[in-house]
Amino acid sequence: MAIEEVLVGGLMALGGAFGASWLQNRHDAQQRERERQLSLRKEVYLEAAEGLSGVQEYLGGLADAARTLAELAQCIKNRPGWQNKVHVVASLETISAFAEADAYFVSAAFSTIPLRYDLDETERGLEAVQGRISQLQQYQSYLHTSLQAQAKLFPAQAAVVSAGQIREAIDATQGELVRLEEQVGQLLEQRAAKLKQLVEGALERVAEHRKLVATAMLAVRDEIKLPLPKDAYMDLVSRTNAEALASMRRLLEGEETESQAPSS
């Protein structure tokens, strides 16, 4: 009996040690799997954050006439596929937040691009008129030079006739220049109005998109165990949006006032 008791006790101790070891190994494996999944999520979410910054740059860049639409398109092509990666690793709440931000971006882009096309068309018209003015000014300079030189090139009577024709051409050119300068003034006013509408619209859409992105970032931080106080964070986003919009409106109003001031 004593030997049996020893054997049973030894087997129980061995079983207990084996069970404890199995439980520890299982716990360690689960912990490693959680860490692997968390690391994968972090990698995808950092890529998503970078992709979203390109989206906001695209929306804001639509108001910058110096940047072509082809150049802006690169902002949203630098990190292709990050939306799909989010769908692979994220929770339904996070996927919904990203989807809402993405849907708003598409809507904002489609409503802003026509304004940009309209501004670009005005820019092209302005460049064409200014180019025509430059040509006429060069032609007028040539006519003045011809008028000064014609007395040496023609007999007296022919010179008088030639001078009259040159003066008529100069007057006609000057009349067209005056009309074109008036057209330039009108185009400049149109461009200023269209630019103001485009900038204000783009900034408002960027601000709204930033709020939706902030909601997605809160969901992400909850998933990767780095939570933020929601109310304080959203209040910060709202305040920075309001400050940016106010600053840009002051700038636009200042430019508008300057453009309307009488020239000396």
Heavy atoms only: give me the nearest [X]-[Y] pair and the separation to one decimal.
X      : Y      : answer
His209 : Tyr104 : N-CE2, 3.8 Å
Leu59  : Ala202 : O-CB, 3.7 Å
Ala97  : Ala216 : CB-CA, 3.6 Å
Val86  : Ala48  : CG2-CB, 3.8 Å

Is there a continuous path of hydrophobic side-chain contacts, each under 4.5 Å between heavy atoms, that joins [X] to [Y]?
X      : Y      : result
Leu198 : Leu188 : no
Leu115 : Leu245 : yes
Leu119 : Met248 : yes
Leu203 : Leu236 : no
Val106 : Leu62  : yes

Under a 3.5 Å distance rule, please check whether [X] uses its side chain to pair with a backbone N or O of [Y] as donor and acceptor.
X      : Y      : result
Ser238 : Met234 : yes
Thr240 : Val237 : yes
Ser247 : Glu243 : yes
Arg210 : Val206 : no
Thr122 : Asp118 : yes
Asn241 : Ala207 : yes

Looking at [atom1] of [X] and [atom2] of [Y], how far apart are the two atoms once the value is rounded to the nearest 0.5 Å?
X      : Y      : atom1 : atom2 : value
Gln56  : Ile76  : CD    : CD1   : 13.0 Å
Glu123 : Lys194 : CD    : NZ    : 10.0 Å
Leu195 : Arg116 : CG    : CZ    : 10.0 Å
Gln138 : Ile133 : CD    : CD1   : 12.5 Å
Glu100 : Lys211 : CD    : NZ    : 11.0 Å
Asp231 : Leu218 : CG    : CG    : 9.5 Å

Selection residues 40-67 - residue pairs positive for ring-ring contact (aromatic ring centres under 6.0 Å, His included), sequence neighbours left out:
Tyr58-Phe105
Do [X] and [Y] come within less than 4.5 Å of each other through their side chains, counting heavy atoms only?
X      : Y      : answer
Arg205 : Ser107 : no
Leu52  : Met217 : yes
Gln83  : Asp102 : yes
Leu46  : Glu50  : no
Val44  : Arg41  : no

By the side-chain hydrogen bond (donor to acceptor under 3.5 Å, both in side chains) test, which pairs, at least two apart or in different chains, include something from residues 62-73?
Glu57-Arg67
Can Phe98 and Val213 be said to form a side chain to side chain contact (heavy atoms under 4.5 Å, CB included), step by step?
CA-CA 7 Å; Phe98 273 98; Val213 169; over 6 Å; no
Side-chain ion pair, [X] and [Y], N-O less than 4.0 Å:
X      : Y      : value
Glu182 : Arg179 : no
Glu121 : Arg124 : yes
Glu204 : Arg249 : yes

For Gln137, does the CD atom have more than 12 heavy-atom neighbours from other residues, nucleotides or ligands under 6.0 Å away?
yes
Which pairs would a plain distance check flag for residues 168-178, meaning a side-chain donor or acceptor within less than 3.5 Å of a matching protein atom at least two apart in sequence or in another chain?
| residue | atom | partner | partner atom | Å |
| --- | --- | --- | --- | --- |
| Thr173 | OG1 | Ala169 | O | 2.7 |
| Gln174 | OE1 | Gln140 | NE2 | 2.8 |
| Glu176 | OE2 | Arg132 | NE | 3.3 |
| Glu176 | OE2 | Arg132 | NH2 | 3.3 |

